[in-house]
J.: 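Dumping the structure here so I can ask a few things about it.
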There are 2 protein chains.
Amino acid sequence: MSKGSKTTPSRRQFLSGAAVAGAGLAVAGTARAAGDPLITEVQSWARGLGDGVDATPYGLPIKYETDVIRRNVPWLTADSISSVNFTPIHALDGTITPQGCAFERHHSGAIELAKDDYRLMINGLVETPLVFTYADLERFPRVNHVYFLECAANTGMEWAGAQLNGAQFTHGMIHNMEYSGVPLKTLLEEAGYDTAAKWIYVEGADASSNGRSIPMDKALDDVLVAFKANGEALRKEHGYPVRLVVPGWEGNLWVKWLRRIEVTDAPVESREETSKYTDTLDDGTSRKWTWVMDAKSIITSPSPQAPIQHGPGPMVITGLAWSGRGAITRVDVSKDGGKNWEPARLAKPGERMALTRFYLDTIWDGQEMLLQARAMDETGYVQPTKAQLREVRGENSIYHNNCIQTWWVQEQGQVENVEVS
Amino acid sequence: MSKGSKTTPSRRQFLSGAAVAGAGLAVAGTARAAGDPLITEVQSWARGLGDGVDATPYGLPIKYETDVIRRNVPWLTADSISSVNFTPIHALDGTITPQGCAFERHHSGAIELAKDDYRLMINGLVETPLVFTYADLERFPRVNHVYFLECAANTGMEWAGAQLNGAQFTHGMIHNMEYSGVPLKTLLEEAGYDTAAKWIYVEGADASSNGRSIPMDKALDDVLVAFKANGEALRKEHGYPVRLVVPGWEGNLWVKWLRRIEVTDAPVESREETSKYTDTLDDGTSRKWTWVMDAKSIITSPSPQAPIQHGPGPMVITGLAWSGRGAITRVDVSKDGGKNWEPARLAKPGERMALTRFYLDTIWDGQEMLLQARAMDETGYVQPTKAQLREVRGENSIYHNNCIQTWWVQEQGQVENVEVS
């Protein structure tokens, strides 16, 4: 009988490579089929009834996945409570981050604030100071967008050298969710903002208040007053019931438990934008107002927490890329520490200020690799090497490290965080 | 000082309406600001520390949202265990459904099957019968797509009349997730399928096996062998570790705990496609192979479980639309039971075989409404009225009811499921 041959040349090219292992799979498969009780015997789970749906009115991951959780690095912050954790990006695929394992950071703990107790004040240079209840906000036109949130300190421990041995810890201060909310522009227009006003000052209802200044142009552009993420209410740790969404800009501006927006003619120069969240350079001076998260990428698998667990042959190298300046247009992958590059496949065309999943479908020869990914965005910006970044920024900052990451894949498949000169 | 005036005519037109309530809000706001301790006094949650991040390595919804869960209708199925539940679509926004509250249905319970115990066999009309382990599957090129899954029986209780009083129960047998997996075409090519083969037969590892026949053309088109949903592993109740994804086609074809794919020259005519999942017509004959889910829409808010809780003035009417034949291109909303229609705003351009969120930003006059939504897809198909559907399908079937739904909004804002002649 004639065999399927609907493959494109490129697919055939890949499968000709895969066929080697494919045959291997087939042989192993045959052996399995003959001698593998998991195939030849009726298993316990096929004999009786499983759980009814009432067992999980709200489901959690299956017990076999209990290691796929947010993790903390206790020594990272000096707070009296653990105040930062990391998304297990090494174990995820696609682009959406479930709220339950999505990176979160706070400055005085995640508070419990009921919708009925929620108030949002808009004051300052406005015609009519307003206070909105949660129910008020639901009466304004709202929009949905998938946006990434990245902490300014993501990868911040890597400036001086390779330190944290896992993608979750080097690059996990990020999440990507579908946010639903009211454009801030709509609420500012409702209050009648002074067109001479150049800034807004936003603060949260928690003890830290985490006040930040944002230029009016950004506030009127794409900032959202959001109350849903991935379809459902914000989780407590993500700012229930209302948070600010500031697309492409550093996460600390995305104020949680949003309480007040003051329209001003100048920035407040708050603690969080002077002693914190400014980038100290080699000469001791600091860059300020470094809000935008530049283009960046990370290979999530293989990585130290996700080693290669098979022999030579077909494998998938995958990771994430993003840019605060727009859409990702291209990602290249190197297996030799940056000497040679090959273009990765983007799962979908890049979306503005959202994570893009990339894949390199390749053949592993079983030898060592120095894996790197390099992102490019629609502005033409190219993700820099660590050397290039150090040249202009030095090593004093913990913020805005978007350099190319290197994973050393060893012959047995283990992976380590390393630097290449 | 000059006031913000960057509004488009349409936005201004809306705000002129909103301004009435806006002024109302302002007045109330002023009153609140003066006398509302939630604004004038420092609250308990602003005095001390909230929870540290270690409190939620994997987060759940906040305690105030415990009513936003999947719900069962015990009398709906005769099974010895509860076998179906419904997504709380009345309480969600955006388009993504979190796995934890996403509709699920099974025929012999949700089983626990570890990745190490997982095997997928491809046999029948193939050159080389193969057995894949979970690790094998991860070595093939994979893709990501957001797709809706709708049960053929969704809205099935409404054929004879308005029965279930809530969008969750009339239209909640649906979810919309970002699936990651290997195209089935790739695995069939690996086994070398016979081009004379016209069907595949797929079955699961649970006791029911839920075997279904699928035409080869669909199998080679867009069907996925998926292992991730919304970025993370499939939940137990969604088929962990591997399920089939059959875009746009009825949910029972999306076999969970996928065990075997047999390439055949004819359909198997299994129980699930003869005595079940065929549509009985008025004359007692049955439509079979009714796989595609036709264009459909539902207003999720206001709805019986989400009544209007404010007086006349600005309000947002919102809902979901989808089509198994492609992208949603337009949704119209009627307030008078279908006499007059106005176009709704699509949150994003429709995506093929995925949920589309629509909004109607409008002014409520405080009077009764008979709310309806009507979806159109890229093929030009228009969602039918219940009368039109009954005319061709009668009332004997419980499957493929995609008719226009009517919600009766009463003067106090309560909403009821009704029919209009």
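Here is the naming used below: chain letters follow the sequence lines, and residue numbers restart at 1 for every chain.
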J.: Do A/Arg357 and B/Glu178 sit within salt-bridge range, that is, some charged N less than 4.0 Å from a carboxylate O?
T.: no

J.: So which part of B/Ser209 gets closer than 4.5 Å to some heavy atom of chain A, the side chain, the backbone, both or neither?
T.: neither

J.: Among residues at least two apart in sequence or on other chains, which ones pass ring pair (Phe, Tyr, Trp, His ring centres under 6.0 Å) with A/Phe227?
T.: A/Tyr134

J.: So does B/Asp67 have more than 12 non-hydrogen atoms from other groups sitting under 6.0 Å from CG?
T.: yes

J.: May I ask you to decide if B/Ala207's main-chain N or O and A/Arg47's side chain share a donor-acceptor pair within less than 3.5 Å?
T.: no

J.: Taking C-beta and beyond as the side chain, do A/Gln43 and B/Ile111 meet within less than 4.5 Å on heavy atoms?
T.: no

J.: Would a 4.5 Å heavy-atom cut-off, applied to side chains only, mark A/Tyr240 and B/Tyr64 as touching?
T.: yes

J.: Has the side chain of A/Arg235 got a donor or acceptor atom that lies under 3.5 Å from a matching backbone atom of B/Ile62?
T.: no

J.: So which residue, A/Ala347, A/Ala191, A/Ala114, ends up with the most heavy-atom pairs under 4.5 Å with chain B?
T.: A/Ala114

J.: Which heavy atom of B/Ala205 sits nearest a heavy atom of A/Ala46, and at what distance?
T.: O-CB, 3.4 Å

J.: What residue, out of B/Ser44, B/Gly48, B/Ala110, has the most heavy-atom pairs lying under 4.5 Å from chain A?
T.: B/Ala110

J.: Could you measure the distance from the CD atom of A/Glu232 to the CD1 atom of B/Ile69? Nearest 0.5 Å is fine.
T.: 12.5 Å

J.: Say whether, by atom type as modelled, one donor and one acceptor occur between the side chain of B/Ser180 and the main chain of A/Asp93 under 3.5 angstrom.
T.: no

J.: Evaluate A/Arg139 against B/Val316 for side chain to side chain contact (heavy atoms under 4.5 Å, CB included), listing each step before the verdict.
T.: CA-CA 6 Å; A/Arg139 299 177 66 176; B/Val316 176; 5.7 Å; no

J.: Are a donor atom and an acceptor atom from the side chains of A/Asn144 and B/Tyr359 found within less than 3.5 Å of each other?
T.: yes

J.: Is A/Thr318 in contact with chain B via its backbone, its side chain, both, or neither, using a 4.5 Å heavy-atom distance?
T.: side chain

J.: With side chain to side chain contact (heavy atoms under 4.5 Å, CB included) as the criterion, how do B/Asp54 and A/Arg70 come out once you've worked through the C-alpha distance, each side chain's angles and the decisive distance to 0.1 Å?
T.: CA-CA 9 Å; B/Asp54 295 345; A/Arg70 293 184 285 220; over 6 Å; no

J.: Do the side chains of A/Lys236 and B/Glu65 get close enough for a salt bridge, i.e. N-O under 4.0 angstrom?
T.: no

J.: If you take all heavy atoms of B/Lys63 and A/Glu112, which pair is closest and at what distance?
T.: NZ-OE1, 2.9 Å

J.: If I take atom CG from residue A/Leu60 and atom CD from residue B/Glu237, how far apart are they, to the nearest 0.5 angstrom?
T.: 9.0 Å

J.: For the OG atom of B/Ser108 and the CG atom of A/Asp51, what is their distance to the nearest 0.5 Å?
T.: 11.5 Å

J.: Find the distance between CD1 (B/Ile39) and CZ (A/Arg260) and round it off to the nearest 0.5 Å.
T.: 12.0 Å

J.: Enter the distance from A/Asp206:CG to B/Leu49:CG here, rounded to the nearest 0.5 Å.
T.: 10.0 Å

J.: In the structure I gave you, are the side-chain heavy atoms of B/Val68 and A/Tyr58 within less than 4.5 Å of one another anywhere?
T.: no

J.: Sort A/Arg142 into side chain, backbone, both or neither according to what part of it lies under 4.5 angstrom from a heavy atom of chain B.
T.: both

J.: Where the side chain of A/Arg119 meets the backbone of B/Leu38, is there a donor-acceptor pair that is under 3.5 Å apart?
T.: no

J.: Side chain, backbone, both or neither: which part of B/Glu104 has an atom under 4.5 Å from a heavy atom of chain A?
T.: both

J.: Evaluate B/Lys228 against A/Leu92 for side chain to side chain contact (heavy atoms under 4.5 Å, CB included), listing each step before the verdict.
T.: CA-CA 8 Å; B/Lys228 297 275 170 86; A/Leu92 304 182; 5.6 Å; no

J.: Of the backbone (N, CA, C, O) and the side chain (C-beta and beyond), which part of A/Ala135 lies under 4.5 Å from a heavy atom of chain B, both, or neither?
T.: neither

J.: Can you tell me how far apart CD1 (A/Ile308) and CD (B/Glu138) are? Round to the nearest 0.5 Å.
T.: 12.0 Å

